[in-house]
Each structure stands twice: as structure tokens, then as C-alpha cells.
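Below: the structure, in C-alpha cells.
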Amino acid sequence: MRPFNLADILRPHILNITPYSSARDEYTGKEGVFLDANENPFGPVLSGNNALTTFNRYPDPYQSAIKERLAPIKQVRPTQIFLGNGSDEPIDLLVRATCRPGVDTMLTMPPTYGMYEVSAAINDIALTKVPLTPDFQVDTPAVLAAIAAKKPKIIWFCSPNNPSGNLLSQEAIRTVLETAADCLVVVDEAYIDFAEAGTSWVSRLDQYPNLVVLQTFSKAWGLAALRLGMCFASEEIIRVLNKIKPPYNIAAPTQQLALDALQLEPAKDRMVAKILHERTDLHEKLLTLPIVRRIYPSDANFLLVRFDEAKAVFDYLIDHQVIVRDRSRVILCDDCLRITVGTAEENNRLIDTLKQYRVSMATTF
Ligand SMILES: *Cc1c(COP(=O)(O)O)cnc(C)c1O
């Protein structure tokens with residue numbers, strides 16, 4: 001295949017777009033009389049301590065303070081980082097930058113995260129789906145055949161995969177990165193903090209110009225409400241995303257709180273360790289239940305569990321105010337529920353409720 005040339009992958013008009021030039025682009029100093037952005041000079045309409053914030057000013061459009069702090073943690077350059085309003089924003093920007101509506105296609109490997117397909121649908125992009133194998137691994141020969149036949153613009157890997165929970169084979173991803181050297185290869189690593197150290201693809205960005213890695217503050221960092229997603233790629237790719245993003249895509253409170261979080265990485269690591277401990281404990285307890293048929297190995301903060309009658313178990317759990325995710329209608333996930341690892345108390349509540357399942361069924365009839 002041809003070597004990677006970003007200009008060949010981008011929609012032609014994207015190359016020529018002049019990005020919105022914000023007031024904050026023209027002067028980046030902090031001192032001065034700011035009469036450039038039509039802000040309210042008196043301050044924010046807020047009470048108490050909130051009134052002391054500078055929320056009357058537009059936030060840094062490129063979030064440079066966060067990137068300076070994040071870069072050494074991820075061992076990348078700040079210019080290899082794009083931050084989005086959740087991972088959903090870079091997902092959508094990557095699609096819009098590369099795929100022509102009604103013309104181009106992308107490749108996904110179901111069962112996987114739903115946003116790739118939603119973003120494809122919104123942008124009128126056809127999907128080529130190559131299912132994972134029954135043990136949720138990449139069907140490499142089928143993927144390579146589909147790439148050759150359909151020439152997708154983007155190939156989406158999710159590793160650890162949602163909803164199966166497992167890391168995808170490093171060898172399979174490497175083969176696709178090297179064989180499909182003229183496609184964008186995205187590895188969504190939303191759950192990478194829960195996987196074995198050294199499995200992230202972020203360390204290999206300089207080796208693969210077609211590689212894009214997505215991570216998020218929503219899972220291990222416990223900051224789902226902030227809506228902050230990370231995208232790591234070559235400087236060339238990051239420049240394109242910066243060019244087409246909404247100018248002030250990350251709100252100031254989100255930026256402030258993310259900066260705070262990044263100084264507390266050890267606290268994140270301790271929470272991850274606790275979740276991994278609970279994952280093992282939950283796994284063992286679920287195994288003792290006669291209604292559980294199979295628990296898939298997990299590198300994430302959830303377990304995919306096959307039950308005798310998943311839909312009935314799901315409804316029963318809802319009736320008892322224990323909410324899990326019903327994946328039983330998803331390809332390769334028949335009779336499966338996806339269960340997030342909670343606190344010890346939450347997991348015990350789940351287990352105790354499940355123990356009563358047969359009992360309560362018997363009294364129903
Ligand atoms: C949860 C999740 C995300 C995170 O999305 P955000 O928009 O960053 O909250 C991304 N990818 C996968 C596979 C996920 O499961």
C-alpha cells in the first residue's frame with residue numbers, strides 16, 4: 001500500500017479551510033486591558049466564591065496549561081495532544097475531517113462502542129463491520145480483506161473493548177497499522193488505566209503517522225461530568241483537529257478542575273487499584289451463582305457476564321434498583337449483561353440481590 005499521506009485522507013476542502021480566528025489567538029499575553037472579546041468587564045453573574053472566578057473571560061482555546069501537565073504523564077509532546085468535549089468530540093471531528101458523506105466508509109469491529117456508528121450515521125458514512133471472533137479478538141484476515149475491498153478512511157479499534165472488556169491483540173493492531181498505512185487507525189483506550197501497564201499505544205505515536213489514540217477523564221479519573229476527552233496523534237493530525245474544532249470547546253471550569261486532577265495522579269492510581277481489587281472479588285462472587293454461565297476476562301472496570309436468561313435477570317435487577325447494562329441483543333453477547341465494578345457495598349448489594357433471584361421467581365409462580 002501507499003505510505004501515509006494525510007492530505008490523501010482528508011476531505012479536500014478541509015485542507016483549505018481558514019479556521020475561526022478568536023480574539024485570544026491575536027494576543028496571548030495575560031496582562032493588559034482586554035477590550036477585544038466583547039466580554040462583560042464587571043465579572044460573572046454568580047454568588048459567593050463563584051463570583052471571584054474569571055468566568056467572564058473566554059477560556060484558553062488550546063488548553064495549554066492542561067497539555068503542559070498532561071504531556072509528561074503520557075510521555076508525548078503537548079503538540080501531540082488534542083482535548084475534546086468528551087471523547088465523542090474527537091471521534092466526530094476525525095470522521096468529519098476525513099469522510100465524504102455518502103461516499104467514504106469506515107471499518108468497525110462489533111461488538112464495540114456505539115459512538116463510532118452514531119457518528120458515521122450522523123455524517124452519512126457507510127460502515128464496514130467485521131465482527132470480532134467469539135472470544136472478542138480481531139479477525140485479522142477478515143479485517144485485512146475488508147480493508148483491501150472497501151478502502152475505509154478510518155479503522156476503529158477499542159482496546160480494552162467495550163462491552164467485552166478485553167484488550168485487543170497488540171499483534172493484530174500492529175499488522176493493521178502497517179498494512180493499512182494509508183488509513184487512519186484509531187485505538188480507543190477509554191479503559192487503558194485498568195489494563196496491564198505498557199499496553200497503551202500512546203508510546204508508539206512517533207512510529208506510526210496513521211495512529212490516533214483516544215483516552216478520557218471519564219472513567220479512571222472519575223471525571224465523567226467534566227466532559228473531557230484526550231486525543232493523541234501526530235502534530236499534523238492534531239493541527240487539523242484544532243483547525244476544525246469549535247473555538248472554545250473546553251469550558252473554563254472543566255479546564256480548572258482537570259488541572260487540579262492532573263496534580264493528583266497517585267490518587268487516580270490508588271482508585272484504579274481499588275477497582276481492580278473489587279473486580280477480582282466481584283468476579284469470584286459471581287462465579288458462585290448458579291444463574292451465571294460465563295464471565296469474560298476483563299482488562300477494564302466492568303465485567304461482561306453471560307446468564308441463563310439475561311433479560312429476565314436485568315428486569316429483576318431493575319425492580320430491585322440495581323441497574324446494569326443489558327447487552328443481550330448485541331452481536332456475540334447473547335444473554336450477556338455488562339456490569340460496572342462498583343464499591344464493595346454496591347457489589348455486595350448486586351450479589352445479594354442476584355442470590356435471591358431464583359427464590360423470588362419460585363414465590364412468583
Ligand atoms: C466511556 C467510553 C468513552 C468515553 O467517552 P467520553 O465522551 O470521553 O465520556 C470512550 N470510548 C469508549 C469505548 C467508552 O466506553
Side-chain angles (χ1 to χ4, degrees), residues 1-11 14 87-164 166-192 201 204-205 207-215 231-234 237 240-241 330-333:
M1 282 207 183
R2 287 170 295 140
F4 183 74
N5 179 8
L6 185 58
D8 290 344
I9 295 184
L10 295 177
R11 293 162 72 187
I14 293 287
S87 309
D88 302 336
E89 183 170 36
I91 289 172
D92 188 62
L93 291 176
L94 288 164
V95 174
R96 282 196 285 148
T98 57
C99 297
R100 292 164 294 177
V103 178
D104 289 319
T105 97
M106 313 195 290
L107 189 148
T108 62
M109 289 159 234
T112 193
Y113 186 48
M115 267 318 284
Y116 321 134
E117 182 156 10
V118 170
S119 193
I122 291 170
N123 292 291
D124 189 23
I125 308 304
L127 273 193
T128 300
K129 296 185 188 178
V130 181
L132 295 171
T133 61
D135 62 346
F136 301 117
Q137 273 305 331
V138 179
D139 184 344
T140 309
V143 168
L144 295 181
I147 292 168
K150 305 279 187 174
K151 311 241 178 292
K153 284 285 184 79
I154 307 182
I155 299 154
W156 297 92
F157 289 103
C158 185
S159 180
N161 186 46
N162 179 2
S164 56
N166 59 300
L167 279 168
L168 299 180
S169 146
Q170 303 273 307
E171 186 57 29
I173 296 174
R174 194 173 61 78
T175 302
V176 170
L177 272 166
E178 290 173 7
T179 315
D182 58 349
C183 306
L184 273 192
V185 175
V186 180
V187 184
D188 184 343
E189 297 185 344
Y191 301 98
I192 199 66
W201 283 85
R204 281 159 277 193
L205 286 175
Q207 232 170 305
Y208 298 108
N210 54 334
L211 173 62
V212 178
V213 179
L214 301 178
Q215 294 185 7
C231 174
F232 305 96
S234 71
I237 293 173
V240 172
L241 297 179
V330 170
I331 181 173
L332 297 173
C333 298

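A donor-acceptor contact shorter than 3.5 Å is absent between the side chain of Thr108 and the backbone of Pro110. Using a distance-only test at 3.5 Å, with no hydrogens or angles considered, a donor-acceptor pair links the side chain of Arg11 to the main chain of Arg96.
Nearest heavy-atom pair, Leu107 versus Pro152, reported as atom, atom and distance to 0.1 Å: N-CB, 3.8 Å. Residue Asn166 comes nearest to Gln137 through the heavy atom pair ND2-NE2, 3.4 Å, listed as atom of the first residue, atom of the second, then distance. Minimum heavy-atom separation, Val143 to Val176: CG1-CG2, 3.9 Å. Between Ser159 and Ile192, the closest heavy-atom pair is O-CD1, 4.2 Å. Contact detail for Asn210 and Cys183: the closest heavy-atom pair is CB-O, 3.1 Å. Scanning both residues, Pro131 and Asp139, for their nearest heavy atoms gives O-CB, 3.9 Å.
Counting heavy atoms from C-beta on, the side chains of Asp182 and Lys151 never come closer than 4.5 Å. Taking the side chain as every heavy atom from C-beta outward, Phe232 and Leu205 approach each other to under 4.5 Å. Residues Leu132 and Leu168 have side chains in contact (heavy-atom distance under 4.5 Å, counting atoms from C-beta outward). Val212 is not listed as a side-chain neighbour of Ile154, based on a closest heavy-atom distance of 4.5 Å or more. For the pair Trp201/Arg174, a side-chain contact is recorded, criterion being any heavy-atom separation below 4.5 Å from C-beta on. Proximity of Cys158 to Tyr191: side-chain heavy atoms (C-beta onward) are nowhere separated by under 4.5 Å.
Distance check: Leu332 CG to Met109 CE gives 13.5 Å after rounding to the nearest 0.5 Å. Considering OG of Ser87 and CG of Leu214, their distance stands at 6.0 Å, rounded to 0.5 Å. Interatomic distance, Leu184 CG to Trp156 CH2, rounded to the nearest 0.5 Å: 8.5 Å. Here the straight-line distance linking atom OG1 of Thr98 with atom CE of Met106 works out to 7.5 Å at 0.5 Å rounding. The line from CD of Glu89 to CE of Met115 is 11.0 Å long, rounded to the nearest 0.5 Å. Rounded to the nearest 0.5 angstrom, Tyr208 OH and Phe4 CZ are separated by 14.0 Å.
Evaluation of the side chain to side chain donor-acceptor pair (under 3.5 Å) test over residues 114-124, restricted to residues two or more places apart or in two chains, returns Asp92-Ser119, Asp92-Asn123, Tyr116-Asp188, Glu117-Lys129.
Of the candidates Thr175, Ile173, Thr179, Ile173 is the only one forming a side-chain contact (heavy atoms from CB on, under 4.5 Å) with Leu177. Residue Lys153 forms a side-chain contact (heavy atoms from CB on, under 4.5 Å) with just one option from Leu94, Asp104, Val95, Asp8, and that option is Asp104.
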**Message:** Go through it in stages, so that I can follow the logic: the residues are Phe136 and Cys333, the test is side-chain contact (heavy atoms from CB on, under 4.5 Å), and I'd like the CA-CA distance, side-chain angles, deciding distance and then a yes or no.
**Reply:** CA-CA 10 Å; Phe136 301 117; Cys333 298; 4.2 Å; yes
